Amino acid sequence: KQEVTQIPAALSVPEGENLVLNCSFTDSAIYNLQWFRQDPGKGLTSLLLIQSSQREQTSGRLNASLDKSSGRSTLYIAASQPGDSATYLCASQGDFNKFYFGSGTKLNVKP
Amino acid sequence: DGGITQSPKYLFRKEGQNVTLSCEQNLNHDAMYWYRQDPGQGLRLIYYSQIVNDFQKGDIAEGYSVSREKKESFPLTVTSAQKNPTAFYLCASSKGNEQFFGPGTRLTVL
């Protein structure tokens, strides 16, 4: 069974700092890797989707990379802002349209 | 606007009661999912359905039931057999390889 791990569990940074969130998975046979943002008490919002054939995807200040062979993905956030404070989750897609989630990284960006 | 709706937003259940959580999507997605989220934890899959009239158990299906009579709807029933149902429940749908989520229902057992 696919196991997805996110490190660190929590992160606190001053505003303006660049930061990296990590996601690792045990089974490299994935179809894609998706990054989400979750605000307290809310659903998940999709940020970036990386297909298995891709190495990275970018949206604004966000850049996500995927290295299937090493079972790793990273989410890079440039010039962080207080509005970026949220929990970030990654999920891999396996067979039968099943998705496997990490437990998330809770980010706090201090003004 | 296309999206996924869940109702109610908050639900309170007395012990021994069955309750049903609603999930509706107008995205024309084939696959739908129910997840449970406990504080500080990731999402755990309860049930999923890839097409109408078909669904499969996820990792924590005991004490839950679902139906998929229409493409747009995938209701989840939390039965009295679920001993610890207090949690945040999230419904999602996908077409292909990207998942989209509803706003969630918070269920509390009184």
Side-chain angles (χ1 to χ4, degrees), chain A residues 1-11 21-26 29-54 57 59 64 66 68 86-107, chain B residues 2-11 21 23-25 27 29-51 54-61 68 74 87-108:
Chain A
K1 181 192 168 189
Q2 177 75 280
E3 299 286 341
V4 180
T5 304
Q6 291 188 246
I7 295 173
L11 184 62
L21 307 181
N22 297 294
C23 172
S24 61
F25 43 94
T26 54
I30 64 171
Y31 293 98
N32 62 64
L33 195 293
Q34 193 171 359
W35 281 93
F36 296 88
R37 169 186 172 134
Q38 185 178 30
D39 293 290
K42 306 291 186 182
L44 277 65
T45 300
S46 180
L47 297 174
L48 289 165
L49 171 70
I50 314 174
Q51 306 281 2
S52 62
S53 58
Q54 298 174 321
Q57 281 286 333
S59 176
L66 175 63
K68 280 182 58 179
T87 297
Y88 292 81
L89 297 99
C90 65
S92 66
Q93 184 187 18
D95 290 333
F96 311 113
N97 264 342
K98 290 184 73 174
F99 294 79
Y100 301 88
F101 285 81
S103 55
T105 294
K106 187 174 183 179
L107 174 65
Chain B
I4 303 172
T5 58
Q6 291 186 242
S7 62
K9 185 173 182 179
Y10 299 98
L11 185 57
L21 284 61
C23 177
E24 304 276 334
Q25 55 101 357
L27 300 168
H29 286 174
D30 294 311
M32 297 187 74
Y33 307 78
W34 274 106
Y35 294 94
R36 169 178 172 145
Q37 187 177 36
D38 293 285
Q41 297 189 29
L43 278 63
R44 292 185 289 168
L45 182 64
I46 305 172
Y47 269 98
Y48 66 108
S49 167
Q50 299 197 60
I51 56 172
D54 186 50
F55 48 84
Q56 290 80 38
K57 293 182 179 180
D59 300 319
I60 56 165
R68 186 85 187 276
F74 192 40
F88 190 50
Y89 290 86
L90 288 159
C91 177
S93 69
S94 72
K95 188 168 188 176
N97 49 25
E98 189 170 6
Q99 275 203 318
F100 298 88
F101 281 80
T105 292
R106 185 166 299 281
L107 172 62
T108 302

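Remember, predicted model here, so these are calculated numbers, not experimental data. Letters go in sequence order (proteins before strands), and every chain restarts at 1.
- Interface residue B/Gln50: only side-chain heavy atoms are found under 4.5 Å from chain A.
- Heavy-atom distances place the side chain of B/Leu90, and not its backbone, under 4.5 Å from chain A.
- In this structure, B/Met32 CE and A/Asn97 CG are separated by 13.5 Å, a value rounded to the nearest 0.5 Å.
- Test A/Gln93, A/Gln34, A/Gln51 against B/Asn97 for side-chain hydrogen bond (donor to acceptor under 3.5 Å, both in side chains) and you get one pass: A/Gln51.
- For chain B, the nearby parts of A/Phe96 are the backbone and the side chain; heavy atoms of each come within less than 4.5 Å.
- There is no contact between B/Gln56 and chain A, counting heavy-atom distances below 4.5 Å.
- With a 4.5 Å cut-off on non-hydrogen atoms, A/Lys1 touches chain B through its side chain but not through its backbone.
- Taking OG from A/Ser103 and CD from B/Gln37, the interatomic distance works out to 10.0 Å, rounded to the nearest 0.5 Å.
- For an aromatic pair to be called close, the ring centres must be under 6.0 Å apart, and B/Tyr35 with A/Phe101 satisfies this.
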**Asked** For A/Phe99 and B/Tyr48, what are the C-alpha separation, side-chain angles and deciding distance, and is it a side chain to side chain contact (heavy atoms under 4.5 Å, CB included)?
**Response** CA-CA 10 Å; A/Phe99 294 79; B/Tyr48 66 108; over 6 Å; no
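- With a 4.5 Å cut-off on non-hydrogen atoms, A/Leu44 touches chain B through its backbone and its side chain both.
- Residue with the most contacts toward chain A among B/Gln99, B/Arg44, B/Arg106: B/Gln99 (heavy-atom pairs, distance under 4.5 Å).
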